[in-house]
Number of protein chains: 2
Amino acid sequence: MTVPTGRRERKKAATRQKIAETALRLFLERGYDAVGIREVAAEADVAVTTLFSHFASKEALVFERDADFERCLVEAVTGRSPDEPLMAALRREVHALVEHCAAPGAAPVWRMIDASPALRQYEESMRLRHADALAGALAADLGLARATTACRAIARFVVDARALAREADDPRAAVEEIFVMIEAAWAATGARTD
Amino acid sequence: MTVPTGRRERKKAATRQKIAETALRLFLERGYDAVGIREVAAEADVAVTTLFSHFASKEALVFERDADFERCLVEAVTGRSPDEPLMAALRREVHALVEHCAAPGAAPVWRMIDASPALRQYEESMRLRHADALAGALAADLGLARATTACRAIARFVVDARALAREADDPRAAVEEIFVMIEAAWAATGARTD
DNA sequence: ACCGTAACACTAACGGTTAGCTTTTTGGAA
DNA sequence: TTCCAAAAAGCTAACCGTTAGTGTTACGGT
């Protein structure tokens, strides 16, 4: 098979990105609720069905990087340097993710998300998926066949940390504060700390 | 005002309950997705608009006791005996709530919820609301004006505990295991333990 | 007995989403 | 180069949850 970028895949990715860009622009210009799917599709010059073949829902248009965040979390565990403790790697990654949310230009997007119940709800369900993925990675890292209750709990705490930090006055300090709690919780499970 | 049960309030409560009962019956008989709102309304012999004046959404029909759960959590903090430590009260309450989910007859409902993405998503957003309410109660109990990051984090951990325990093979053991972690996290904040 | 209002009803629509089907584009085989 | 199977995109028409707008009835307090 043709390993590098086939034209088909490139065109598909381009279509996807054009839809996402158009949607975000319209949403920011006129408000998420005030812009309909038919409008986004028309402005991006694609059919409504095409839009839905790239994005599972209207909300998914806003969280285009969804899969990336999940990958980052998992890779923070699986791809860390051999001598880095598990929790330290997670703390570092959550710091990076929170930093990313505070990037210039991201503020209007987050304001839009906070203003829309539908978007907030979607973000919550995203977090659960990320927690499940992270729990799996944690289990694998510990040599377990399945994610234990402790793995699942820690994974949830970690994704909660990101969410809470984003809302806090001082996100960096909030991450530090919550990770002190998470490390204590982790230590209480009797897990190794390497 | 007439303190006891006015006829108007009784009729309203009866209508609400009839709608909820009818909906749950139809959902369990034929599947959540296979039953439409118009059908539920017709079977309960009310107008669609009446149904939506009692329940904010189709999913809310399934989680009729939503407000009760939130109240239980908050009251576990505010209404505990003066000598009971905060975390012990919360652990007891989460045990009770998980027990309640395992009640006979509840199994089909939870199977239905697990099978429907819409219901799962709704449950997640419910959890967040409960966590916010609990965070407020925690802050009040500690004499704080606003919920701090630590309060919010602990509140999330507690509602996560309930969710994780419900999915675990041994719910009781899971609650115990997670609360060991939560107590460690709580202690790490330097909070008093009374 | 009367009035204000809460509860309920009806119609019609809006907006997200999907099914069914056709057309175009693309990668690779003949 | 030509042709085919499949992927991608398109169009139409609906389904379904939800809401606005507008009456109508039944109740509680005066």
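Just so you know, these numbers use all the heavy atoms, side chains as well, and skip hydrogens, waters and symmetry mates. Computed from a predicted model, the values in this text were never measured in an experiment. Order of the sequence lines fixes the chain letters, A, B, ..., with proteins taken first and strands second; residue numbering starts at 1 for each chain.
Side chain of A:R120 to main chain of A:D114: a donor-acceptor pair is present (N/O by atom type, distance under 3.5 Å, no hydrogens or angles). Side chain of A:R16 to backbone of A:H54: a donor-acceptor contact under 3.5 angstrom is found.
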Tell me, for nucleotides 13-24 of chain C in 5' to 3' order, what letter each nucleotide earns: B for a base near a protein heavy atom under 4.0 Å, S for only sugar-phosphate near one, - for neither?
-> B-SBBBB-----
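Under the 30°/60° scheme for interplanar angles, the aromatic rings of B:F157 and A:F157 are found to lie parallel.
For the pair A:K58 and A:Y122, the cation-pi test (distance below 6.0 Å, angle within 45°) is failed.
The environment of CD in B:E75 is crowded: more than 12 heavy-atom neighbours from other residues, nucleotides or ligands sit within 6.0 Å. Heavy atoms of other residues, nucleotides or ligands lying less than 6.0 angstrom from CD of B:Q17 number 12 at most.
In this structure, CZ on B:R129 lies 7.0 Å from CE on B:M126, to the nearest 0.5 angstrom.
Between A:T50 and D:dA8 there is no side-chain polar atom (N or O) within less than 4.0 angstrom of OP1 or OP2. In terms of phosphate contacts, B:H54 brings a side-chain nitrogen or oxygen within less than 4.0 Å of OP1 or OP2 of C:dC8.
For the pair B:D45 CG and C:dA9 P, the computed distance is 7 Å after rounding to whole Å. Between the C1' atom of C:dA7 and the CG atom of B:L51 lies a distance of 14 Å, rounded to the nearest Å. To the nearest angstrom, P of D:dG28 lies 8 Å from CD of B:E9.
Near DNA chain C, defined here as any heavy-atom distance below 4.0 Å, the residues from residues 11-21 of chain A are A:K11, listed numerically.
Within the nucleic acid shown, B:R8 comes within 4.0 Å of at least one base atom, counting heavy atoms only.
B:V74 and B:L128 fall into different hydrophobic clusters, where Ile, Leu, Val, Met, Phe, Trp and Tyr are joined by side-chain heavy atoms under 4.5 Å apart, directly or via other members.
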